[in-house]
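Step one of this worksheet: look at the structure below.
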Amino acid sequence: MFHKLIFFCERKHFMDTFALSNLQKIFQINNMAFEKVKRSENYSEWYNNLVKNADLAEHADVKGCMVIKPYGYAIWEKIQAQLDKMFKDTGHVNAYFPLLIPKSFFEKEEKNAEGFAKECAVVTHYRLKVDDNRKIIVDPEAKLEEELIIRPTSEAIIWNTYKGWIQSYRDLPLLINQWANVMRWEMRTRLFLRTSEFLWQEGHTAHSSSDEAIKETKQMLDVYAEFAENFMGVPVIKGVKTENERFAGAVETYCIEGLMQDGKALQMGTSHFLGQNFAKAFDVKFQSKEGKLEHVWATSWGVSTRLIGALIMAHSDDEGLVLPPNLAPIQVVIVPIYRSDEELVKVSSKAIEIKKQLEALGLSVKFDNRDTQKPGFKFAEWELKGVPLRIGIGPRDIENGTVELARRDTKEKHVIQIEGIDLKVKSTLEEIQKSIFERARSFRDNSIHIVNSWEEFKDVLENKSGFISAHWDGTGETEEKIKELTKATIRCIPLNNPQEEGVCVYSGKPSKQRVLFAKAY
RNA sequence: CGGGGUGUAGCGUAGCCCGGUAUCGCGUCUGCUUUGGGAGCAGAAGGUCGUAGGUUCAAAUCCUGCCACCCCGACCA
């Protein structure tokens, strides 16, 4: 019945403008070969060009939506594979719920509905027709009885479903994850960081006690943090959101916050303790061991394709992407160098031999034997695409039993013996993984500024960047005011935050702990 | 929703004020020479100028309507 759907967004968006000429200049200048805008000159322009040039994604001809290209999607697949394993290792299973949510379900948890109301796309009709001018129009006869919301998140449809699945404590806990797309009609979009439609995973769990649900919430936060640090190579701060920043419908929102190279913070994942809010809204009760009827306790947690944005912004440089070996779709690329066909044969057979040797260690290796591009071009291209290690092999090497090994992260090049190359490559990849994390961590650590006065606070925001650790009086009003004045928000109250007496950096009222402020994406 | 812009080849553009069927660069294709850091030369292909109408002998250019997209603000899980 729904094979032809039309949706209307409730809000229209009128665009705006500004100095287009600036952009045009950049494109003009850089249109030859690859566009080169330096990271230090214009960070966001650098980011956009990188996403495009590295062939990760592009703007679709649909407002606010992106096409994730094969190379970008391959990174997402690596992210998915690892997270999926970690979810399963912690006892979760995957399922899939509908894209469309009847408006009446959506309304049930008021705060959740209110929080998302302004960015929902709504399906109102189920059929098109050809009008008198032979134009395709929405068939006014085909108006739906009840509008359908395209999910901005799935709590509503999932809790409506859970109602039928949970009767007894024996049905709990229910530990389910879903890989899906969601749609949030955002006003300003940026590839990967914020798009109208995006891919993510959302875990939705149900528990028989508050304690157990809180434990789950924290466990998943730890899973995210471990993933971010050990796989993405991005250090994160685990913390709790303030009431203002909390997920609509949650009792408590935990998050991991990363710091990008331009000094702006990025929320990389959230894990929510939902209390009994959704159980009450959808009337999901279970009978306890003691025979009492109680509402179920819930959590939800998610990360999205935004992580690809984080990956780019945390490590990459003016030459392009820098991928951590643990998430690189191609970990090693082999580029042959040759003049004659005869040389090509020799070089190729050695290259293929090396490839097999590396693959035996479980590495992902590409032998770039395209005869349509020159070596120099390939070097630049694979650097742009962030392949962690490159092996160059030519006639000279064949004679000497060597290859050239080039590291993407440090740009170091060494001639090494082919003998024992597999272990050398493996250990170098491990070193790269460690080294990019360390680099990001020391950058992050040096970007946390302890601030004790409002003057200092403003000074750091203007002249430095990164996190500001400052006392806050705990009120939403102060938080709002600071945001209004500086655009900085409270990113989180770090977990295990030391308690200390102090006064709020803005209001001067007493405070018991410091919180982390930053400008954020 | 308030303000400001733009639609010309795959991409970026010139031409528009002052009407005469379209400029240049990148990319693409072919051939030869090249190949250890983004190759060179020669040739070629590619355009209903967003769309509908109007004015005119003649419209990318002038006029009107429509559509789409972009930037700033508000907004942002």
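A, B, ... follow the sequence lines: proteins, then strands. Residue 1 opens every chain.
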(request) Check A:Ile256 against A:Ala228 and note the closest heavy-atom contact, atom names and distance. (result) CD1-CB, 4.2 Å
(request) Without swapping roles, check the side chain of A:Glu155 against the backbone of A:Phe278 for a donor-acceptor pair under 3.5 Å. (result) no
(message) Show me the dot-bracket string of RNA chain B, counting Watson-Crick or G-U pairs under 3.5 Å, with | for pairs to another strand and [ ] for crossing ones.
(response) (((((((..(((.......[...))).((((((.....)))))).....(((((..]....))))))))))))....
(message) Rounding to an integer number of angstrom, what distance separates B:U34 and B:G15 when you compare their P atoms?
(response) 43 Å
(request) Describe the nucleic acid contact of A:Gln373 in one word from base, sugar-phosphate, nothing, applying a heavy-atom distance below 4.0 Å. (result) nothing
(message) Check this for me: does any side-chain nitrogen of one of A:Lys346 and A:Glu343 sit under 4.0 Å from a carboxylate oxygen of the other?
(response) no
(request) Report the distance from atom CZ of A:Phe377 to atom P of B:G36, rounded to the nearest whole Å. (result) 13 Å
(request) In whole angstrom, give the distance that lies between atom NZ of A:Lys118 and atom C1' of B:C1. (result) 12 Å
(request) Have a look at A:Lys413 and say if it touches a base, only the backbone sugar-phosphate, or nothing, with a 4.0 Å heavy-atom cut-off. (result) base
(request) Inspect the contact between A:Arg39 and A:Asp262 and indicate whether a charged nitrogen and a carboxylate oxygen are less than 4.0 angstrom apart. (result) no
(request) Check whether NZ of the Lys or CZ of the Arg A:Arg390 lies under 6.0 Å from the centre of the six-membered ring of A:Phe379 and within 45 degrees of that ring's axis. (result) yes
(message) Under 4.0 Å, counting only non-hydrogen atoms across every strand here, what does A:Asp371 touch: a base, just sugar-phosphate, or nothing?
(response) nothing
(request) Please measure how far the C1' atom in B:C41 lies from the corresponding atom in B:C57, and state the result in whole Å. (result) 47 Å
(request) Take the protein atom CZ of A:Arg194 and the nucleotide atom P of B:A77, then report the distance between them rounded to whole Å. (result) 7 Å
(request) Tell me what A:Pro152 touches on the nucleic acid: a base, only sugar-phosphate, or nothing, going by heavy atoms under 4.0 Å. (result) nothing
(message) Nearest whole Å is fine: how far is B:A77 P from A:Ile490 CD1?
(response) 14 Å
(message) From CZ of A:Phe379 over to P of B:U35, roughly how many Å is that when rounded to an integer?
(response) 14 Å
(message) Testing the 3.5 Å rule here: is there a donor-acceptor pair between the side chains of A:Thr153 and A:Arg151?
(response) no
(request) Establish, with yes or no, whether the OP1 or OP2 oxygen of B:A39 is under 4.0 angstrom from a side-chain nitrogen or oxygen of A:Lys374. (result) yes
(message) Mind checking if A:Gly302 touches a base, just sugar-phosphate, or nothing, with heavy atoms under 4.0 Å?
(response) nothing
(request) Indicate whether OP1 or OP2 belonging to B:G36 is found under 4.0 Å from a side-chain N or O atom of A:Arg396. (result) no
(message) Measuring only the P atom in each nucleotide, how far is B:G46 from B:C63? A whole number of Å is fine.
(response) 33 Å
(request) Check for a donor-acceptor pair, side chain of A:Arg407 on one end and backbone N or O of A:Thr428 on the other, with a separation under 3.5 Å. (result) no
(message) Work out how far the C1' atom of B:C70 is from that of B:U33, and round it to whole angstrom.
(response) 45 Å
